[in-house]
**Student:** 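Below you'll find the structure I mean.
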Amino acid sequence: QVQLVESGGGLVQPGGSLRLSCRVSGAPGSSLGVAWFRQAPGRGREGVACVGGGDSAGHYAGSARGRFTIFRDDAEHIVYLQMNFLKLEDTAAYYCAAGSSPRCRDRVFYLSDWTSWGQGIEVAVSA
């Protein structure tokens, strides 16, 4: 059973940076696609970034491209989301998700492709 544990959230000022971590266990980490989603209060869950199984190329939502970077350390079974130039509208609960054969592409995230989820972690951007 795949388990995902997020860490690294917190409070940051606009323009600041945070790095989220997702530790993957229960499956060969490199074989899984891993994504980051987020959900702001009163809004639906939206994809932020993903990386395919056995791949290192990141794909991003339009709101994340140029500011966020997803990368994986398969030796440590961790997938990171580096978030720079954070904005107020980036405030949300961030979730790590994994799937065995997810469609991972720019701007389009298929929620049903991601079959394992972490508990989520809060990111608050505030002055």
Side-chain angles (χ1 to χ4, degrees):
Q1 182 176 356
V2 175
Q3 292 187 317
L4 308 169
V5 179
E6 302 98 335
S7 61
L11 175 65
V12 63
Q13 292 185 336
S17 298
L18 277 177
R19 177 177 292 185
L20 304 183
S21 300
C22 174
R23 182 172 293 277
V24 182
S25 62
S30 62
S31 67
L32 296 174
V34 178
W36 287 94
F37 286 77
R38 68 185 181 187
Q39 187 165 14
R43 301 189 64 176
R45 194 166 294 190
E46 63 174 2
V48 176
C50 64
V51 59
D55 195 6
S56 60
H59 299 273
Y60 301 92
S63 59
R65 177 163 290 280
R67 299 188 300 127
F68 295 3
T69 303
I70 186 170
F71 59 100
R72 61 196 307 162
D73 182 340
D74 289 331
E76 296 295 329
H77 307 291
I78 299 175
V79 176
Y80 298 96
L81 183 68
Q82 177 67 42
M83 304 188 294
N84 299 326
F85 307 110
L86 283 160
K87 305 176 180 180
L88 297 175
E89 53 264 41
D90 294 318
T91 295
Y94 282 71
Y95 297 87
C96 180
S100 58
S101 301
R103 288 165 286 183
C104 178
R105 60 193 68 169
D106 287 335
R107 293 188 295 277
V108 180
F109 293 79
Y110 299 90
L111 205 63
S112 60
D113 287 358
W114 306 93
T115 54
S116 299
W117 292 84
Q119 293 292 320
I121 192 165
E122 294 290 336
V123 171
V125 184
S126 176

**Student:** Nearest 0.5 Å, what's the OG-CG distance between Ser56 and Asp73?
**Tutor:** 12.5 Å

**Student:** Heavy atoms only: give me the nearest Ser126-Leu11 pair and the separation to one decimal.
**Tutor:** CB-CD1, 4.0 Å

**Student:** Search all heavy atoms of Cys104 against all heavy atoms of Gly52 and return the closest pair with its distance.
**Tutor:** SG-N, 3.9 Å

**Student:** So with a 6.0 Å cut-off around CZ of Phe85, is the heavy-atom count from everything else above 12?
**Tutor:** no

**Student:** Show your working on side chain to side chain contact (heavy atoms under 4.5 Å, CB included) between Glu6 and Tyr95 and close with a plain yes or no.
**Tutor:** CA-CA 7 Å; Glu6 302 98 335; Tyr95 297 87; 4.2 Å; yes

**Student:** Which pair of heavy atoms, one from Pro14 and one from Ala127, lies closest together, and at what distance?
**Tutor:** CD-N, 3.7 Å

**Student:** How many angstroms lie between CD in Glu76 and CZ in Arg23, if you round to the nearest 0.5 Å?
**Tutor:** 6.5 Å

**Student:** Is the gap between the ring centers of Phe71 and Tyr80 under 6.0 Å?
**Tutor:** yes

**Student:** Contact between Arg38 and Asp90 at the side-chain level, heavy atoms closer than 4.5 Å - yes or no?
**Tutor:** yes

**Student:** Rounded to the nearest 0.5 Å, what's the gap from CG on Leu4 to OG on Ser21? Could you check?
**Tutor:** 12.5 Å

**Student:** Taking all heavy atoms of Val2 and all of Ala27, pick out the closest pair and write down the distance.
**Tutor:** CG2-CB, 3.7 Å

**Student:** Would Arg45 and Trp114 count as a cation-pi pair here, with the cationic atom under 6.0 angstrom from the ring centre and within 45° of the axis?
**Tutor:** no

**Student:** Measure the spacing between CG of Asn84 and CZ of Arg19 and express it to the nearest 0.5 Å.
**Tutor:** 9.0 Å

**Student:** Which is it for His77 and Ser25 under the side chain to side chain contact (heavy atoms under 4.5 Å, CB included) test, yes or no, and what are the steps along the way?
**Tutor:** CA-CA 7 Å; His77 307 291; Ser25 62; over 6 Å; no

**Student:** State, to 0.1 Å, how close Ala61 and Gly47 come at their nearest heavy-atom pair, and which atoms those are.
**Tutor:** CB-O, 3.3 Å

**Student:** Taking the side chain as C-beta and beyond, is there a heavy-atom pair between Tyr110 and Arg105 under 4.5 Å?
**Tutor:** yes

**Student:** Does Gln119 CD have over 12 foreign heavy atoms under 6.0 Å away?
**Tutor:** no

**Student:** Does any N or O in the side chain of Thr91 come within less than 3.5 Å of the main-chain N or O of Val125, such that one atom is a donor and the other an acceptor?
**Tutor:** yes

**Student:** Measuring from Leu20:CG to Phe68:CZ, what's the distance to the nearest 0.5 Å?
**Tutor:** 8.5 Å

**Student:** Please determine whether residues Tyr60 and Tyr94 belong to a single hydrophobic cluster, defined as Ile, Leu, Val, Met, Phe, Trp and Tyr linked transitively by side-chain heavy-atom distances below 4.5 Å.
**Tutor:** yes

**Student:** Determine, using the 4.5 Å side-chain heavy-atom cutoff (strictly less than), whether Trp36 and Val51 are members of one ILVMFWY cluster.
**Tutor:** yes

**Student:** Look at the side-chain heavy atoms of Ile, Leu, Val, Met, Phe, Trp and Tyr, link any pair under 4.5 Å apart, and say whether Trp117 and Val48 land in one connected group.
**Tutor:** no

**Student:** Evaluate whether atom CZ of Arg65 has more than 12 neighbouring non-hydrogen atoms of other residues, nucleotides or ligands under 6.0 angstrom away.
**Tutor:** yes

**Student:** Looking at side-chain heavy atoms only, is the closest gap between Met83 and Val12 below 4.5 Å?
**Tutor:** no

**Student:** Measuring from atom SG of Cys96 to atom CD1 of Ile70, what distance do you get when rounded to the nearest 0.5 angstrom?
**Tutor:** 7.5 Å

**Student:** Taking atom CD as the centre, does Gln13 end up with more than 12 heavy-atom neighbours from other residues, nucleotides or ligands that are less than 6.0 angstrom away?
**Tutor:** no

